[in-house]
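Everything on this sheet refers to the single structure shown next.
Order of the sequence lines fixes the chain letters, A, B, ..., with proteins taken first and strands second; residue numbering starts at 1 for each chain. Since this is a predicted model, take the numbers as computed values, not measurements.
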Number of protein chains: 2
Amino acid sequence: MPEISFHDFQNCYCFNLRWVSRVVTQHYDHALSGCGLRVTQLPILARLAAEDMTMADLADWLAMDRTTLLRNLRPLERADLVYSVPTGEGRKLKLVLSQEGAALLEKAYPVWRAAQQSLTRILGQQRWETLINDLAMTGENLTGGSN
Amino acid sequence: MPEISFHDFQNCYCFNLRWVSRVVTQHYDHALSGCGLRVTQLPILARLAAEDMTMADLADWLAMDRTTLLRNLRPLERADLVYSVPTGEGRKLKLVLSQEGAALLEKAYPVWRAAQQSLTRILGQQRWETLINDLAMTGENLTGGSN
DNA sequence: CCCTTTAATGTGCATATGCACAGATGTGAT
DNA sequence: ATCACATCTGTGCATATGCACATTAAAGGG
């Protein structure tokens with residue numbers, strides 16, 4: 001008899017991932033609060049620090065809906081951390097990290113690093129690497145291996 | 001020279017967790033779309049199926065801000081899946097799963113289980129258990145071990 | 001040259017998330 | 001009795017997330 005139990009749902013991978021995401025996000029956000037940045041904004045700035053990208057490519061890399069990224073960029077544009085310029089081909093825009101964005105990224109780096117290290121202390125480097133690897137494999141499998 | 005590199009940030013535990021959370025959430029949500037439920041709503045219903053709870057206790061269990069839970073309950077109350085009753089002590093309310101809520105939970109169960117199993121196929125039971133354990137240890141450490 | 005198609009940007013709606021703060025209600029000290 | 005305090009509920013604001021849909025501009029076909 002497949003009696004439906006609360007405990008079955010408690011093993012939900014998605015629930016557990018979201019649960020720890022909330023906790024970890026707050027950990028980083030509290031650390032970063034002095035920088036005026038959120039941990040959700042860091043990967044965008046950091047990725048653009050490496051190279052200019054179109055919104056579609058950046059959204060793909062983030063495994064995020066294109067329209068979600070569009071709105072997430074608004075606070076960054078308002079703060080003059082990121083701006084967009086036409087590429088010349090079609091309506092395609094290129095996202096560029098501004099000087100202020102690069103400066104803020106540098107300022108946030110040691111703060112982020114401290115938050116990261118306090119997590120490393122909990123599980124250890126090795127277990128984190130395994131964990132991130134397994135998560136990446138799961139994500140790549142679900143997105144068709146395009147990431 | 002602590003040259004700040006994009007690759008450093010790519011190892012951010014928070015980013016990786018949020019990244020895979022997005023992907024996995026979409027996986028479950030697409031599966032559940034026929035039920036009119038989101039995977040974020042499942043743990044609330046499932047927890048209330050086990051016992052009536054106050055909002056504060058439920059928020060604590062979810063490691064979620066109390067006011068976030070308050071708003072997340074609104075769609076569930078509107079759909080008559082959950083209702084709240086006074087407990088008699090102070091203004092404290094008790095959240096109760098309705099008949100409809102319990103029925104919907106049963107309907108969602110096999111769908112959820114299929115989504116869960118397709119993830120299990122990717123990493124295997126063993127690696128998922130290790131992963132969830134490590135995530136739980138991280139979360140408990142950050143929340144002061146109260147969960 | 002116009003019309004369809006296609007690809008890119010952008011909007012409206014609904015939910016998810018947390019912080020600062022306001023409102024209401026009981027408890028306890030004096 | 002009253003006032004301070006603690007506790008619980010609720011609101012306002014800002015960002016995060018995705019779907020359905022609208023808009024705009026370039027490319028081709030006739």
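Nearest-nucleotide positions on DNA chain C place K94(A) closer to the 5' end than the other of K94(A) and P75(B). Nearer to the 5' terminus of DNA chain C, by closest-nucleotide assignment, is the contact made by T54(A) (compared with the other of T54(A) and N72(B)). For the pair L73(A) and H30(B), both in contact range of DNA chain D, the more 5′-proximal nearest nucleotide belongs to L73(A).
R71(B) comes within contact range of at least one nucleobase, with a heavy-atom separation under 4.0 Å. Nucleic acid contact for T68(A): base, since at least one base atom lies under 4.0 Å from a heavy atom of the residue.
In this pair, F9(B) and Y109(A) present their aromatic rings perpendicular. The plane angle is above 60°, beyond the 30 to 60° band.
The hydrophobic cluster containing I44(A) does not contain Y83(A), counting ILVMFWY residues as joined when their side-chain heavy atoms lie under 4.5 angstrom apart, directly or transitively.
The side-chain hydrogen bond (donor to acceptor under 3.5 Å, both in side chains) search around N11(B) returns none, not counting sequence neighbours. Remark: A79(B) engages L81(B) in a side chain to side chain contact (heavy atoms under 4.5 Å, CB included) (not counting sequence neighbours).
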The test is side-chain contact (heavy atoms from CB on, under 4.5 Å); show your working for L17(B) and L17(A) and say whether it passes. CA-CA 7 Å; L17(B) 279 170; L17(A) 279 170; 4.2 Å; yes
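Atoms CG (L70(A)) and P (dA22(D)) sit 18 Å apart, rounded to a whole Å.
Applying the side-chain hydrogen bond (donor to acceptor under 3.5 Å, both in side chains) test to residues at least two apart or on different chains, the pairs with a partner in residues 93-102 of chain A are S98(A)-E100(A).
In the 5' to 3' direction, nucleotides of DNA chain C lying under 4.0 Å from heavy atoms of chain B begin and end at dT15(C) to dG26(C).
No donor-acceptor contact under 3.5 angstrom links the side chains of T40(B) and R18(A), judged on distance only.
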Could you go through nucleotides 4-8 of chain D and list every protein N or O atom that sits under 3.5 Å from one of its N or O atoms, giving the distance for each pair?
unit_1	atom_1	unit_2	atom_2	d
dC8(D)	O2	R91(B)	NH1	3.2

Indicate every side-chain donor-acceptor pair of residues 63-72 of chain A with a distance under 3.5 Å to a residue at least two apart or in another chain.
unit_1	atom_1	unit_2	atom_2	d
D65(A)	OD1	T67(A)	N	2.9
D65(A)	OD1	T67(A)	OG1	2.5

